[in-house]
Number of protein chains: 2
Amino acid sequence: MEIQPLGMILGGLKGIFPRLMANRMSELGITYTFDQMVVLMIVRHSKQKQLVQQDIAEHMKKDKSLVLRIVDVLEKDGLIVRITDPNDRRRNIINITGKGVDLTDLFYAEEQLITKELMVGLTDEEIYTFYKVINHVKTRAEEF
Amino acid sequence: MEIQPLGMILGGLKGIFPRLMANRMSELGITYTFDQMVVLMIVRHSKQKQLVQQDIAEHMKKDKSLVLRIVDVLEKDGLIVRITDPNDRRRNIINITGKGVDLTDLFYAEEQLITKELMVGLTDEEIYTFYKVINHVKTRAEEF
DNA sequence: AACAATAGTTGACATTTACAACTGTTTATT
DNA sequence: AATAAACAGTTGTAAATGTCAACTATTGTT
């Protein structure tokens with residue numbers, strides 16, 4: 001069976017979710033970009049005791065200068081705090097604030113809602129396979 | 001079964017493919033961005049007899065001013081031509097050139113290669129279900 | 001003829017992409 | 001101990017993207 005190129009397929013898909021989320025969030029008066037929320041979610045759910053900007057950049061596979069700018073905005077708005085690591089003053093440890101927790105709770109709830117609506121009509125097995133393929137593709141991509 | 005929010009999942013995936021393609025293309029001395037190639041592919045494979053910028057913007061769900069800027073670059077580089085519609089001078093009909101065809105052939109070949117490599121280890125049925133879910137999600141998103 | 005709608009263009013601003021070059025700090029090497 | 005290398009973060013920059021408003025030229029409707 002011929003495989004359709006992923007680029008064109010994902011290209012068609014990639015803007016959909018952030019746009020739906022942006023529409024929903026702006027209705028709630030929240031204007032953070034998708035990547036800003038992604039950073040906040042990473043900080044919120046990180047299992048690392050001491051998450052630093054470099055970790056976030058690696059996680060997102062984005063340039064550290066972009067992560068810095070995003071972290072700057074989130075800190076300015078009181079969603080996270082940056083603390084110099086006493087054991088290594090090169091590093092800034094990033095923690096989420098109560099305000100940040102509230103925002104990520106809201107974002108996550110909206111995200112789940114939209115996801116459920118998009119998935120209506122699919123079986124559990126189809127959804128399971130979908131996520132399996134995505135994880136597989138990610139893993140393969142990291143081996144390149 | 002609990003559904004993971006698509007945003008975080010796709011957020012992790014979305015940059016992967018364009019980045020792999022960009023790496024591959026730059027090795028070949030080609031520096032067009034992913035979206036520029038997407039526009040070229042749309043022009044190439046469009047079944048419409050007279051494709052205009054507005055059609056491309058709708059297809060990509062992007063602002064027409066962005067499409068204009070991309071079309072400007074592709075035209076400047078001789079990959080497409082823009083012809084005023086004799087029946088409606090508001091419209092510019094966009095056609096691909098021979099040079100554009102060559103580039104899209106190359107892009108498509110590389111895209112298929114990378115897709116195949118990413119899909120190694122998955123069954124035909126898993127891949128089929130993956131595309132089915134993606135098309136389903138796109139269709140649902142358009143109904144919002 | 002007047003008005004509404006469409007296609008495209010231009011401008012503006014914020015964000016992202018992607019890289020280089022820099023500073024300060026820590027670790028490794030000599 | 002002194003120096004070099006590596007690391008984390010910062011700053012700057014140019015190009016591209018995202019997004020919107022306002023505009024011009026043209027076509028469609030009333």
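The sequence lines fix the lettering, A, B, ..., with proteins before strands; numbering per chain opens at 1. Just so it is clear, the model here is predicted, and its values are computed rather than measured.
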* Phosphate-side-chain proximity, B/K62 and D/dT17, N/O vs OP1/OP2 below 4.0 Å -> no
* **A/F34 CZ to C/dT16 P, straight-line distance once rounded to whole Å** => 12 Å
* **Trace of the side-chain hydrogen bond (donor to acceptor under 3.5 Å, both in side chains) decision for B/R91 with B/Q54** => CA-CA 9 Å; B/R91 297 159 56 92; B/Q54 184 76 350; over 6 Å; no
* Ignoring hydrogens and angles, tell me if any N or O in the side chain of B/D63 forms a donor-acceptor pair with the backbone of B/S65 under 3.5 Å. => yes
* Given that A/Q53 and A/A22 both sit by DNA chain D, which one's nearest nucleotide is further toward the 5' end? -> A/Q53
* Asked: Without hydrogens or angle criteria, can the side chains of B/R89 and B/T84 be said to hold a donor-acceptor pair below 3.5 Å?
  -> no
* With a 4.0 Å heavy-atom cut-off, tell me which residues in residues 63-76 of chain B come close to DNA chain D, sorted by residue number. => B/D63, B/S65, B/L66, B/R69, B/I70
* Asked: Atom CD1 of B/I94 and atom C1' of C/dT9: how far apart are they, to the nearest Å?
  -> 14 Å
* **Check: B/T33 main-chain N/O paired with B/Q36 side-chain donor or acceptor under 3.5 Å** => yes
* To do: Write down the distance between CZ (B/R90) and C1' (C/dA7), rounded to a whole number of angstrom.
  => 6 Å
* Asked: Given atom CD1 of A/I83 and atom P of D/dG9, what is their separation to the nearest angstrom?
  -> 13 Å
* To do: Using atom CD1 of B/I93 as one end and atom C1' of C/dT6 as the other, report the distance to the nearest whole Å.
  => 15 Å
* To do: Take atom CZ of B/R19 and atom P of C/dT17, then tell me their distance rounded to the nearest Å.
  => 8 Å
* To do: Could you state the atom-to-atom distance from CD of B/E58 to C1' of C/dT6 in whole Å?
  => 11 Å
* To do: Would you indicate, yes or no, if D/dG18 has its OP1 or OP2 atom less than 4.0 angstrom from a side-chain nitrogen or oxygen of A/T33?
  => no
* Check A/G121 against A/E126 and note the closest heavy-atom contact, atom names and distance. => O-OE1, 4.5 Å
* Taking B/K99 for the side chain and B/D77 for the main chain, is one N or O donor matched with an acceptor at less than 3.5 Å? -> yes
* Asked: Shortest non-hydrogen contact from B/T115 to B/E111?
  -> OG1-O, 2.7 Å
* **Base D/dT26 to side chain B/R89, donor-acceptor N/O within 3.5 Å cut-off** => no
* Asked: Given D/dT10, is OP1 or OP2 found less than 4.0 Å from the side-chain N or O atoms of A/N92?
  -> yes
* Asked: A/N87 CG to D/dA8 P: how many Å, rounded?
  -> 14 Å
